[in-house]
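Written out below as structure tokens is the structure these notes cover.
Excluded from the calculations below are hydrogen atoms, water molecules and symmetry mates; all remaining heavy atoms, backbone and side chain alike, are included.
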Amino acid sequence: MAADVRLMKTAAELALADAFAAVKSTLPGDAAVAAQRTAAFETFASVGLPHRRVESWRYTDLRALLREAPPLASAAGPEALARSLAACPMLAGMEARRIYVVNGAFVSDISDLANLEPGVSISSLATALGAADPLVAHLGQTVASSDAALALNTAFMGDGVVIALAEGATLSRPLHLVFVTTEATATAAYTRSLLVMGKGASAQVIESHEGPAGAAYQVNTALEVVVGEGASLERVKITAEGNDALHISTLLARVADGAKLANANFTLGGAIIRNQLLVQLAGEGIDASLSGVSLLAGKQHSDTLLAVEHIAPNCQSREQFRTVVDDTARDIFQGRISVRQSAQKTDARMMSRALLLSDTAESDNKPELEIFADDVQCGHGCTTGSLDQQLKFYMMSRGIPEKEAEALLIQAFVGEVIDAIGHEGVRAALTDATRNWLIERK
């Protein structure tokens, strides 16, 4: 007789179940949203925290890594809000419209909401859910996913940013979504944001995440993006969490005919970082660029999951990721390009490169192609290695000190990705952040 084998619930899973039971009636939204939350938590409860037997999580065993589930973050006080205004100093000099989400809550009092461009609206997710805003119908509908971490976000989502651009609307300056954790104790925040772009709309969006050092806080954040026909979106995500933080981020993007999507991730801080990029190219003639730079040191663990699905013909996608790994840090890249039979004339290229600066650094790469069409040009690859010693010797022979020579080589390695970012101010800021990381490197 076959035995019914089930995993025992961990302390964190039991605590999450208790937390959801305690707060579900207080979370914003009508009966339909409440049902969506309950269904999402049941999905999570049925599989539990992701572990190494789940293929997409095989390198990041969250069941083992997440020992406890801290309480939800509380609202920030006046002093904490004042400190939040100084968040993301690398972009302090850049002109942008800044929207603040502090301890998981949208803060209108310190956000720049005045004089919005014609056809642009910005509000909090909690307000949109409470008012049954038609935009919230997009939640959970952009890209289908059974991911347990995303299900947990759906169950607990309390607040975030809802952005809508009407047909032809354009943001005159970048929109900077500033996510800040201020509490020095272990807390958890589940933010969900939504960006809906109408036909021909255009936007540059920067998303930054940071928090205090020494606090074992947890962030589970998700952004759903609907890019309308002929629209153009450039998004840059900067992760600079505290050195003990757990950060899980999911991008769900659906792109329509003739649209352009450029997404770049820049990872600096956090103990455990997981970036999930789930993108559907649903229309014809789409141009998509997905890239990332990670600078890892100490015991950092960074995992990037990329899934790009080509549905319609005549689309192009480029995926390029660069990682620098020092000390005992570990980098993981799992990338998959799927081409449906209907997506003829697809042109897709994916490359992941890792640079190891120590003998104890580690990089795991798993690129995949899944092709059902016969008239395509697709390629993928990965490389892992150390600094080119011949180039380093050549530079040193010309009088350049060893550390400076290494820094120049590393900057050139990641510079190809950073230089492709459209906004000059963001490019300069990320170049400076790379230089500062190299200066701090022992």
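Closest approach of A166 and A201 over heavy atoms only: O-CB, 3.8 Å. The shortest heavy-atom contact between R97 and I122 is CD-CD1, 4.0 Å. Counting all heavy atoms, side chain and backbone alike, D388 lies closest to L409 at O-CD1, 4.1 Å. The heavy-atom pair separating P28 from L129 by the smallest distance is O-CD1, 3.8 Å. The minimum heavy-atom distance between V180 and S84, with the atom names listed, is CG1-OG, 4.0 Å. The two residues T142 and Q280 have their closest heavy-atom pair at O-OE1, 4.0 Å.
When only modelled atom types and interatomic distance are considered, Q300 and S302 share no side-chain donor-acceptor pair under 3.5 Å. For the 3.5 Å distance criterion, the side chains of T267 and N265 fail to qualify, holding no donor opposite an acceptor. In this model, no donor atom of one side chain and acceptor atom of the other lie less than 3.5 Å apart for R349 and Q320.
The pair R318-D287 does not count as a salt bridge, with every side-chain nitrogen at least 4.0 angstrom from each carboxylate oxygen. Under 4.0 Å is where a charged nitrogen must lie from a carboxylate oxygen, and between K366 and E55 at least one such pair does. Between R173 and D112, at least one side-chain nitrogen of the basic residue sits less than 4.0 Å from a carboxylate oxygen of the acidic one, meeting the salt-bridge criterion.
Side chain of D432 to backbone of M90: no donor-acceptor contact under 3.5 angstrom is found. Within the 3.5 Å criterion, the main-chain N or O of V324 finds no donor-acceptor partner in the side chain of D331. With hydrogens and angles ignored, the 3.5 Å screen pairs no side-chain donor or acceptor of T221 with any backbone N or O of S249. For the pair R37 (side chain) and A155 (backbone), a donor-acceptor distance under 3.5 Å is present. Side-chain atoms of R330 do not come within 3.5 Å of backbone N or O of E362 as any donor-acceptor pair. A distance-only check finds a donor-acceptor pair linking the side chain of D159 to the backbone of L125 [under 3.5 Å]. Under the 3.5 Å distance criterion, the side-chain polar atoms of E241 are left unmatched by any main-chain donor or acceptor of H247. Put simply, the side chain of R336 never gets that close to the backbone of A307: no donor and acceptor are under 3.5 Å apart. Between the side chain of T360 and the backbone N or O of D327 there is at least one donor-acceptor pair closer than 3.5 Å. Formation of a donor-acceptor pair under 3.5 Å by the K9 side chain with backbone atoms of G48 is not found in this model.
Because its NZ or CZ atom is not both nearer than 6.0 Å to the ring centre of W57 and within 45° of the ring axis, R63 does not count as a cation-pi partner of that residue. Relative to the six-membered ring of F413, R322 meets both conditions, a distance below 6.0 Å and an angle of at most 45° to the axis.
In this structure, the separation between OG1 on T304 and CZ on R274 is 9.0 Å, given to the nearest 0.5 Å. Here the CD-OG distance, from E234 to S289, works out to 9.0 Å after rounding to the nearest 0.5 Å.
Classified by interplanar angle (parallel below 30°, tilted 30° to 60°, perpendicular above 60°), the ring pair F20/F156 is perpendicular.
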Inset, instruction - Applying side-chain contact (heavy atoms from CB on, under 4.5 Å), run through L252 and L150 and close with a yes or a no. - result: CA-CA 10 Å; L252 303 144; L150 179 61; 4.0 Å; yes
Inset, instruction - Evaluate the side chain to side chain donor-acceptor pair (under 3.5 Å) criterion for residues S172 and E117: first the C-alpha distance (whole Å), next the side-chain angles of each, then the deciding distance (0.1 Å), finally the verdict. - result: CA-CA 7 Å; S172 59; E117 295 86 346; 2.8 Å; yes
Inset, instruction - Begin with the C-alpha distance, continue with both residues' side-chain angles, and end with the deciding distance and a verdict on salt bridge (charged side-chain N to carboxylate O under 4.0 Å, His left out) for E224 and R192. - result: CA-CA 8 Å; E224 295 194 63; R192 188 69 159 258; 2.9 Å; yes
